Amino acid sequence: MKTDAGHVTAALSRPDFTLDVDIKVPSHGVTGIFGASGCGKTTLLRCIAGLERDARGSVGFNGQLWQDSENFVPPWQRPVGFVFQDARLFPHMTVARNLNYGRRRSAPSPELSSPEQIIDMLGIGHLLDRKPAQLSGGEQQRASIARALLRYPALVLMDEPLANLDAGRKQEIMPFLDRLHANLQVPMLYVSHSLDEMTRLCDHLVVMQSGRVLGQGRLHDMLMRTDLPTLGGGEASTVLDVRVLDYDPHYQLSRLQFAGGEVVVPGRHGDHCCPLRLRIMASDVSLCRERPQSSSILNILPAVVESRRAESGGHVLVQLRVGEAKLMARVTLKSAEALNLTQGQSLFAQIKGVAVKNSAEQVAIDNANAEA
Amino acid sequence: MPGLGPLWLSVKLGLISTAILILLGTPLAFWLSRTRSHAKTFIEAMVALPIVLPPTVLGFYLLILLGPNGLVGSYWVKLTESSLTFSFGGLVLASILYSMPFVIQPLQNAFESIGRGFVEAAETLGARPLDIFFTIILPLSTRGFLTAAIMGFAHTLGEFGVVLMVGGNIPGQTRVISIAIYDHVEALEYAQAHVLSGLLLAFSFTCMFALYFINGRLRHEN
């Protein structure tokens with residue numbers, strides 16, 4: 001038995017649960033594993049790390065077999081860095097000794113960041129002499145992420161690292177995860193049941209249900225699918241990667257550039273290294289044949305109809321091309337017929353609301369338009 | 001003024017038995033804290049027996065087992081040409097059995113309270129089981145070891161019935177403090193009994209006070 005490069009396979013059966021998963025893992029970038037509680041996301045990560053000893057089945061990564069019916073590579077010989085939901089920092093050691101625990105037991109890898117870079121990236125330099133009990137929940141989790149990275153893993157596994165933190169602490173730790181996402185040189189599997197976290201952090205998405213993979217692919221493509229019931233209640237959305245162009249202090253609007261043109265969003269965004277992501281719900285996009293001359297809506301983009309698909313409830317899901325980018329619109333069947341939507345047709349898309357994923361706050365553009 | 005020999009003998013017996021108990025009890029307690037074996041309940045009950053058994057019963061069986069014709073004693077005679085009963089070596093063996101639950105149980109509780117979480121974290125950081133035992137389990141069980149050592153020592157110090165059965169009353173060999181006090185009372189030497197009893201009382205209280213004091217400090221630190 002062998003596994004292909006760039007794959008994680010895991011199969012196990014227990015009396016009450018069966019896991020059968022084959023995931024493509026890009027050589028770097030974050031792969032989100034999304035699904036409802038009990039779908040097997042956490043069990044999958046634990047199998048990969050070798051923490052489910054009584055599990056019968058097989059686990060492989062990048063062509064190396066870690067487990068099958070005859071072999072079991074123990075967890076301490078698997079090059080993974082595991083971040084648990086509860087930070088699990090050793091309470092009798094300082095943060096510095098916690099960080100060194102994995103590092104002293106691992107072969108350093110020249111391609112990976114130095115300890116100083118990792119400590120700096122997670123902003124824990126001033127905490128090194130403290131004991132875990134003296135840290136806040138967010139600080140503990142940052143230290144535990146640094147500890148896992150200092151193991152110099154070939155694969156990073158994160159099991160809902162934000163689930164135990166309250167909303168404020170989540171906001172506090174998110175910028176550090178953005179930096180990690182931008183700087184990480186090895187693949188990472190990120191388990192969560194929060195689509196918001198996924199949209200912000202992940203490049204690829206795996207949707208699981210009852211121990212099986214329902215679908216996997218690029219995040220942008222996955223969010224446009226409506227056949228996956230667990231994804232955002234079946235509501236399609238588009239994710240756009242954007243770059244901040246400038247900020248207008250008078251109107252308090254940021255101008256953002258994406259592959260299909262420019263959009264403006266209220267508020268100041270992106271004063272850091274990382275690209276921003278916008279998530280636009282299909283139901284927030286409306287269509288018109290002519291460019292509206294006077295509208296409160298700021299973002300009106302020329303678009304071409306690529307395809308349309310009838311949805312239940314008298315709606316039509318329209319896939320549009322805006323320059324190089326794709327956009328989804330959800331309109332009523334009646335509007336679709338009135339507009340006589342056909343493939344290749346040129347029209348204008350009006351975007352009513354945008355979620356700016358790098359500050360994780362929902363921004364309704366038309367609110368700002370009323371002020372403008 | 002009575003001789004303080006019996007006190008020193010008791011302290012020596014306590015220190016040696018406790019040291020051996022900690023060394024042998026740690027792996028056993030760790031095994032009990034982690035195993036899912038059916039033998040666990042059986043072993044736990046065996047370890048707890050000295051708590052409920054009258055010391056005379058334990059002493060009686062030990063006398064038979066350790067005697068020159070006993071299962072263990074006959075080998076000892078062949079090996080060393082001396083008897084295990086009525087000797088310091090026999091007392092150490094008896095004390096180990098008698099004080100076993102007071103060492104094993106605190107250790108087992110300490111190991112059980114650590115749980116899988118830290119062990120799993122250490123495993124994913126590249127640590128092997130023995131490494132994890134010394135770097136994670138032992139340091140996190142300090143309070144358990146302290147309790148085990150003081151309880152084992154203090155309990156051995158107060159032992160009477162078992163010693164009487166297997167040890168007799170040989171000065172410098174098996175005449176420990178509790179036996180000496182009994183002898184003084186029998187001989188109506190109340191003054192000597194007072195001195196030794198007072199010493200044992202003060203010593204025991206100091207032990208217990210130290211235990212609770214240090215335990216409280218350690219709890220506060222964590």
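Because the structure is a prediction, the values reported are computed rather than measured. Worth knowing before you read on, the calculation uses all heavy atoms, side chains too, and leaves out hydrogens, waters and symmetry mates. So you know, we letter chains A, B, ... as the sequences are listed, proteins then strands, and number each from 1.
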**Request:** Report the C-alpha distance between A:Leu19 and A:Leu44 in whole Å, list the side-chain angles of each, state the deciding distance to 0.1 Å, and finish with yes or no for side-chain contact (heavy atoms from CB on, under 4.5 Å).
**Result:** CA-CA 8 Å; A:Leu19 184 76; A:Leu44 170 64; 4.2 Å; yes
Can you check whether chain A and chain B share any donor-acceptor pairs under 3.5 Å, and give the atom names and distances if they do?
residue: B:Gly117; atom: O; partner: A:Arg88; partner atom: NH1; Å: 3.3
residue: B:Glu120; atom: OE1; partner: A:Arg46; partner atom: NH1; Å: 2.9
residue: B:Glu120; atom: OE1; partner: A:Arg88; partner atom: NH1; Å: 2.8
residue: B:Glu120; atom: OE2; partner: A:Arg46; partner atom: NH1; Å: 3.3
residue: B:Glu120; atom: OE2; partner: A:Arg46; partner atom: NH2; Å: 2.6
residue: B:Glu123; atom: OE1; partner: A:Arg53; partner atom: NH2; Å: 3.0
residue: B:Glu123; atom: OE2; partner: A:Arg53; partner atom: NH2; Å: 2.9
residue: B:Thr124; atom: O; partner: A:Arg151; partner atom: NE; Å: 2.7
residue: B:Asp131; atom: OD1; partner: A:Arg105; partner atom: NH2; Å: 2.9
residue: B:Asp131; atom: OD2; partner: A:Arg105; partner atom: NE; Å: 2.6
residue: B:Asp131; atom: OD2; partner: A:Arg105; partner atom: NH2; Å: 3.3
residue: B:Thr135; atom: O; partner: A:His92; partner atom: NE2; Å: 2.9
residue: B:Thr135; atom: OG1; partner: A:Tyr101; partner atom: OH; Å: 2.6

Show me the donor-acceptor pairs, under 3.5 Å and distance only, between side chains in residues 5-30 of chain B and residues at least two apart or in other chains.
residue: B:Ser10; atom: OG; partner: B:Pro6; partner atom: O; Å: 3.4
residue: B:Ser10; atom: OG; partner: B:Ile177; partner atom: N; Å: 2.9
residue: B:Ser17; atom: OG; partner: B:Leu13; partner atom: O; Å: 2.5
residue: B:Thr18; atom: OG1; partner: B:Gly14; partner atom: O; Å: 2.6
residue: B:Thr18; atom: OG1; partner: B:Phe153; partner atom: N; Å: 3.4
residue: B:Thr26; atom: OG1; partner: B:Ile22; partner atom: O; Å: 2.5

**Message:** By the salt bridge (charged side-chain N to carboxylate O under 4.0 Å, His left out) test, which pairs, at least two apart or in different chains, include something from residues 39-49 of chain B?
**Reply:** B:Lys40-B:Glu112
**Those residues that, when tested against B:His194, pass side chain to side chain donor-acceptor pair (under 3.5 Å) (two or more places apart)** = none
**Request:** Tell me, out of B:Pro129, B:Pro139, B:Ala127, who's got the most heavy-atom pairs with chain A below 4.5 Å.
**Result:** B:Ala127
Rounded to the nearest 0.5 Å, how far apart are [atom1] of [X] and [atom2] of [Y]?
X	Y	atom1	atom2	answer
B:Leu201	B:Leu196	CG	CG	12.5 Å
A:Phe82	A:Leu157	CZ	CG	6.0 Å
B:Leu65	B:Trp76	CG	CH2	13.5 Å

**Message:** Please classify the contact of A:Leu89 with chain B as side chain, backbone, both or neither, using a heavy-atom distance under 4.5 Å.
**Reply:** backbone
